[in-house]
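Let me begin by presenting the structure, written as structure tokens, before commenting on it.
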Amino acid sequence: LAFTASRWLSFGADELELAGGENANIMINAVVPPDTPTGGYHAFGFLQSRPPAGSNGIQPSGRIGVTLLLEVAPDDKELSRSARVSESDLQVRWNNPFDPEVVARTVVDNTGEAHVVNGGVHTFRSWPGTGSAEEKIGPHITLRGTRHTFETSWDAVPLFGKVTVTSEVVYQTGPNDLPVIVTQHTVWIIPWHLIGSLVLMLLLASLVLRRRTANKSLKVEIAEIQP
């Protein structure tokens, strides 16, 4: 994996035995190799419980994962933190013929030298009407050189109309510096399947009516020809 620090780390203890309600600290030592380029690095650690020795039967167990963030920074400046929205869109999804919903998707790329914490909000607005909703996105830690996809949905939308979503993504570059990336998309909700069904029904009704009219005309002509 890129920017991994898993080989730098060692745990102060391979295992711990804890009584119920007891807690303990686990020391983690990091040895950074010489000439390591500056920037953010990360590793993943797992703690797993196991049944006591000699226990029989079914025993509960659990596994906890942790993300470890390390920064190799120069002495004269801080690492840069930046992000950009590389993709964003708004789509209509039909749960059933009369139940549409809109799905907003925003993809954030970490373009800086270290991890960034980003989050924000998707604000939906519909027309006609004054319906609106806000769906929070994040917070999420986006690792260096990676991307994260935020996705939210809104189902209180009209059967026909227009929906606009405004995406506001915030990421932290310093203690009091919170840049905001704003994107906006609009989509029309048009029930083409219902419109198609209505048109088909009208065509069938028109054909049936024309056929009945033709049969009546034929009967009239036959009655007039007979002596």
Side-chain angles (χ1 to χ4, degrees), residues 1-3 39-46 62-69 71 78-197:
L1 295 175
F3 311 117
Y41 296 84
H42 58 271
F44 303 103
F46 297 93
R63 192 182 191 194
I64 301 174
V66 294
T67 302
L68 306 173
L69 303 173
E71 295 183 4
E78 294 185 358
L79 297 175
S80 67
R81 302 179 192 275
S82 61
R84 69 183 181 94
V85 173
S86 59
E87 300 176 30
S88 64
D89 56 42
L90 179 64
Q91 297 182 356
V92 180
R93 183 166 59 197
W94 293 88
N95 299 315
N96 62 58
F98 298 94
D99 184 19
E101 69 174 352
V102 290
V103 179
R105 186 178 65 96
T106 304
V107 180
V108 180
D109 290 355
N110 183 345
T111 56
E113 297 177 310
H115 71 277
V116 292
V117 179
N118 42 34
V121 65
H122 283 160
T123 303
F124 298 91
R125 290 184 174 85
S126 64
W127 179 91
T130 57
S132 64
E134 288 189 354
E135 298 290 341
K136 291 184 179 180
I137 53 178
H140 181 269
I141 298 176
T142 305
L143 301 176
R144 177 188 178 191
T146 66
R147 59 170 42 182
H148 182 72
T149 300
F150 296 102
E151 185 174 289
T152 61
S153 62
W154 184 39
D155 58 3
V157 296
L159 188 61
F160 176 85
K162 181 176 67 173
V163 175
T164 299
V165 63
T166 302
S167 171
E168 298 175 83
V169 176
V170 180
Y171 64 96
Q172 187 170 16
T173 60
N176 300 309
D177 192 6
L178 298 171
V180 182
I181 306 173
V182 180
T183 58
Q184 190 174 79
H185 292 278
T186 299
V187 67
W188 280 90
I189 301 176
I190 303 176
W192 291 112
H193 53 287
L194 298 179
I195 295 175
S197 299

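- Aromatic ring pairs are classed by plane angle as parallel below 30°, tilted from 30° to 60° and perpendicular above 60°; the pair W94 and H193 is perpendicular.
- Within the 4.5 Å cutoff, the side chain of Q184 has no heavy atoms near those of the V182 side chain.
- When every heavy atom of F3 is checked against every heavy atom of G40, the shortest pair comes out as CB-O, 3.7 Å.
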>> Let's go through L69 and L143 carefully: what are the C-alpha distance in whole Å and the side-chain angles of both, what is the deciding distance for side chain to side chain contact (heavy atoms under 4.5 Å, CB included) to 0.1 Å, and is it a yes or a no?
In response: CA-CA 9 Å; L69 303 173; L143 301 176; 3.5 Å; yes
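- Residue I137 holds its CD1 atom at 8.0 Å from CG of N118, rounded to the nearest 0.5 Å.
- Under the 3.5 Å distance criterion, the side-chain polar atoms of N110 are left unmatched by any main-chain donor or acceptor of T146.
- Between T142 and R147, every side-chain heavy-atom pair lies at or beyond the 4.5 Å cut-off.
- More than 12 non-hydrogen atoms from other residues, nucleotides or ligands lie less than 6.0 angstrom from CH2 of W188.
- Side-chain contact between E71 and E113 is absent, with no heavy-atom pair separated by less than 4.5 Å.
- Heavy-atom minimum distance, Y171 versus P179: O-CD, 3.0 Å.
- To the nearest 0.5 Å, atom OG1 of residue T183 and atom CD of residue E87 are 12.0 Å apart.
- With values rounded to the nearest 0.5 angstrom, K162 atom NZ is found 12.0 Å from I189 atom CD1.
- Between P100 and L159 the shortest side-chain heavy-atom distance falls below 4.5 Å.
- A donor-acceptor contact shorter than 3.5 Å is absent between the side chain of R144 and the backbone of Y41.
- With rounding to the nearest 0.5 angstrom, the CD atom of E134 is 7.5 Å from the CZ atom of R125.
- Atom CZ of R105 is separated from atom OG1 of T149 by 6.0 Å, given to the nearest 0.5 angstrom.
- Minimum heavy-atom separation, P128 to G161: CD-CA, 3.9 Å.
- Minimum interatomic distance between A114 and R81 (heavy atoms only, all atoms of both residues): CB-NH1, 3.4 Å.
- Two residues are said to be in side-chain contact when any heavy atoms from C-beta on lie closer than 4.5 Å; T164 and W127 fail this criterion.
- Separation of atoms NE2 (H140) and NE2 (H115) is listed at 11.5 Å; rounding is to 0.5 Å.
- Side-chain contact check for I141 versus T67: every heavy-atom pair is 4.5 Å or farther apart.
- Applying the side chain to side chain donor-acceptor pair (under 3.5 Å) test between T106 and each of E151, H185, H122, H148 identifies H122 as the sole match.
- Within a 6.0 Å radius of CZ in F46, more than 12 heavy atoms belonging to other residues, nucleotides or ligands are found.
- Considering every non-hydrogen atom in both T111 and A83, the closest pair reads OG1-N, 3.6 Å.
- Contact between A133 and W154 at its shortest, heavy atoms only, is CB-NE1, 3.5 Å.
- With hydrogens and angles left out, the side-chain atoms of T166 and T123 include no donor and acceptor closer than 3.5 Å.
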